[in-house]
Amino acid sequence: MEFKYLIHIQYLGFRFHGWAKQPDLKTVHHMIDRTISFVFGHHEFKTMGSSRTDAMVSANNSAFQLFLKEDIDEYGFVIELNKYLPADIKATKIQKIEGDFNIINSARVKEYTYFFAQGEKFNPLAASLVTLLPFDLNIDLMREGAAIFRGQHNFRKYCTKAKEGKLFEREVLESRIEENTILTANFFPEKSFVYHVHAKGFMRNQVRLMMGQLILLGKEEISLDYLKSTLNPTDNEPLDYIASASGLMLNKIHFLDIE
């Protein structure tokens with residue numbers, strides 16, 4: 001008999017090489033598996049992540065699925081897991097899963113946020129969460145550009161290293177820029193902004209490429225018409241301006257039938 005659990009986690013991605021395991025590199029998935037193995041004293045389990053975040057990308061609410069051959073004390077397990085996880089990873093919630101739930105297929109909406117500030121250099125303590133853009137930006141124009149991404153479009157130019165057969169027609173449910181009031185600290189810049197983008201799923205580097213075009217738009221190096229044209233591509237070459245990873249955060253994942 002197999003027992004399945006959904007474990008919600010938070011992590012600061014600044015010192016990790018992304019979620020996915022990679023040889024000789026420190027990743028979130030590797031650290032989680034190593035800690036679970038230490039807590040259980042064995043390797044007879046399997047974990048599956050919900051989103052493959054890039055190097056330095058953080059998560060406010062991500063999750064992974066845990067498969068076991070025996071039932072566990074859920075409350076006690078989370079306490080032990082947090083006791084031995086590094087300070088920049090935290091398990092926030094555990095749910096026992098029944099039926100055919102699959103963490104990859106059951107993700108209904110993924111919400112990403114991208115935090116940025118413009119102008120003078122701010123306190124370096126904020127650098128792991130907020131991207132500094134050391135020039136003036138036309139924020140109103142960026143807001144107009146963000147709205148263009150909403151709806152069903154061909155995002156071929158917003159995907160790097162695309163695999164054969166990849167589906168580029170994607171629907172963006174929300175895309176907006178507003179002043180940041182949700183992530184603050186006394187060492188943050190006096191004024192910062194946040195880009196919200198929601199969809200069922202995203203391709204490799206898609207959000208950072210979208211943010212990159214919004215930055216170019218804010219610098220008035222491209223136009224709204226050009227931005228629209230990137231969603232009706234005439235070639236297969238991805239865009240070449242990828243925004244820094246440090247401002248990106250997986251804010252929340254909504255799962256079918258589970259909250």
Side-chain angles (χ1 to χ4, degrees), residues 13 18-20 48-65 101-116 131 141-178 193-218 222-245 247-259:
W19 164 264
M48 183 183 298
S50 59
S51 188
R52 295 168 62 93
T53 50
D54 294 337
M56 299 178 69
V57 175
S58 299
N60 183 48
N61 190 340
S62 187
F64 67 90
Q65 194 168 359
F101 175 88
N102 178 284
I103 194 168
I104 296 175
N105 298 331
S106 297
R108 178 168 55 88
V109 176
K110 294 182 180 180
E111 300 181 6
Y112 276 89
T113 51
Y114 192 98
F115 297 91
F116 65 98
T131 290
L141 189 59
M142 292 176 71
R143 287 189 172 112
E144 290 185 62
I148 289 173
F149 287 129
R150 290 194 203 111
Q152 191 90 15
H153 302 289
N154 185 327
F155 285 95
R156 175 63 186 87
K157 297 186 74 64
Y158 292 85
C159 176
T160 59
K161 299 181 180 178
K163 295 181 180 179
E164 187 175 350
K166 192 78 170 179
L167 295 176
F168 301 111
E169 288 288 333
R170 301 288 178 118
E171 182 181 11
V172 170
L173 304 171
E174 180 61 274
S175 176
R176 72 181 191 276
I177 290 175
E178 59 189 18
F193 299 88
V194 56
Y195 173 45
H196 297 266
V197 58
H198 306 172
K200 182 177 180 181
F202 294 93
M203 298 178 290
R204 184 184 179 93
N205 287 325
Q206 182 180 344
V207 176
R208 290 169 61 196
L209 283 164
M210 292 167 71
M211 186 65 204
Q213 291 305 292
L214 293 178
I215 292 170
L216 294 178
L217 186 64
I222 63 172
S223 66
L224 290 171
D225 285 340
Y226 173 80
L227 187 64
K228 292 175 183 177
S229 74
T230 65
L231 300 173
N232 296 284
T234 57
D235 62 73
N236 293 330
E237 290 300 315
L239 296 161
D240 58 6
Y241 186 4
I242 302 178
S244 169
L248 184 59
M249 181 180 295
L250 175 57
N251 189 51
K252 189 173 183 179
I253 302 175
H254 301 268
F255 293 103
L256 291 169
D257 303 321
I258 294 178
E259 287 297 340

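Using a 4.5 Å heavy-atom cutoff, the side chains of H153 and K228 are not in contact. Considering only heavy atoms from C-beta on, M210 stays 4.5 Å or farther from Y112 through its side chain. Under the 4.5 Å side-chain criterion, counting only non-hydrogen atoms from C-beta, S58 is not in contact with F115. Between F149 and L231 there is a side-chain heavy-atom pair separated by less than 4.5 Å. Under the 4.5 Å side-chain criterion, counting only non-hydrogen atoms from C-beta, F202 is in contact with V197.
Residues passing the side-chain hydrogen bond (donor to acceptor under 3.5 Å, both in side chains) test with D235 are K157, sequence neighbours excluded. For R204, there are no side-chain hydrogen bond (donor to acceptor under 3.5 Å, both in side chains) partners, not counting sequence neighbours. A search for salt bridge (charged side-chain N to carboxylate O under 4.0 Å, His left out) contacts involving R170 returns nothing, not counting sequence neighbours. Legend: residues meeting side-chain hydrogen bond (donor to acceptor under 3.5 Å, both in side chains) with S106, ordered by chain and number and at least two apart, are absent. Take Y114 and apply the ring-ring contact (aromatic ring centres under 6.0 Å, His included) test, not counting sequence neighbours, and it matches no residue.
Distance check, rounded to the nearest 0.5 Å: CD1 of I177 to CD of E144 gives 11.0 Å. L217 contributes atom CG, which lies 10.5 Å from atom CE of M211 (distance to the nearest 0.5 angstrom). Here the CG-CG distance, from L209 to L214, works out to 11.0 Å after rounding to the nearest 0.5 Å. In this structure, the separation between CD1 on I253 and CG on N60 is 11.0 Å, given to the nearest 0.5 Å. Note: I148 CD1 to L224 CG = 4.5 Å, rounded to the nearest 0.5 Å. For the atom pair OG1 (T113) and CG (L250), the distance works out to 8.5 Å, reported to the nearest 0.5 Å.
Remark: the backbone N or O of I222 is not paired with any side-chain donor or acceptor of Q213 at under 3.5 angstrom. In this structure a side-chain-to-backbone donor-acceptor pair under 3.5 Å is present from R156 to N236. Between the side chain of S50 and the backbone N or O of A63 there is at least one donor-acceptor pair closer than 3.5 Å.
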Going through the distances and angles, do F168 and F155 end up as a ring-ring contact (aromatic ring centres under 6.0 Å, His included)?
CA-CA 5 Å; F168 301 111; F155 285 95; 9.9 Å; no
Determine whether N102 and M48 satisfy the following criterion, side chain to side chain contact (heavy atoms under 4.5 Å, CB included), listing intermediate values before the conclusion.
CA-CA 9 Å; N102 178 284; M48 183 183 298; 4.3 Å; yes
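Residues A55 and A245 approach most closely at O-CB, 3.2 Å, considering heavy atoms. Residue G49 comes nearest to I103 through the heavy atom pair O-CG2, 3.6 Å, listed as atom of the first residue, atom of the second, then distance. Nearest heavy atom pair, residue T160 against residue P238, reads CG2-CB, 4.3 Å. Of all heavy-atom pairs spanning A243 and I215, the tightest one is CB-CD1, 4.1 Å. Heavy atoms only, all atoms of each residue included: C159 and M203 are closest at SG-CB, 3.7 Å.
Open room surrounds CZ on R52; 12 or fewer heavy atoms of other groups in view lie less than 6.0 Å from it.
Listed by first and then second residue, the side-chain hydrogen bond (donor to acceptor under 3.5 Å, both in side chains) pairs that reach into residues 193-202 are S175-Y195, E178-H196, sequence neighbours excluded.
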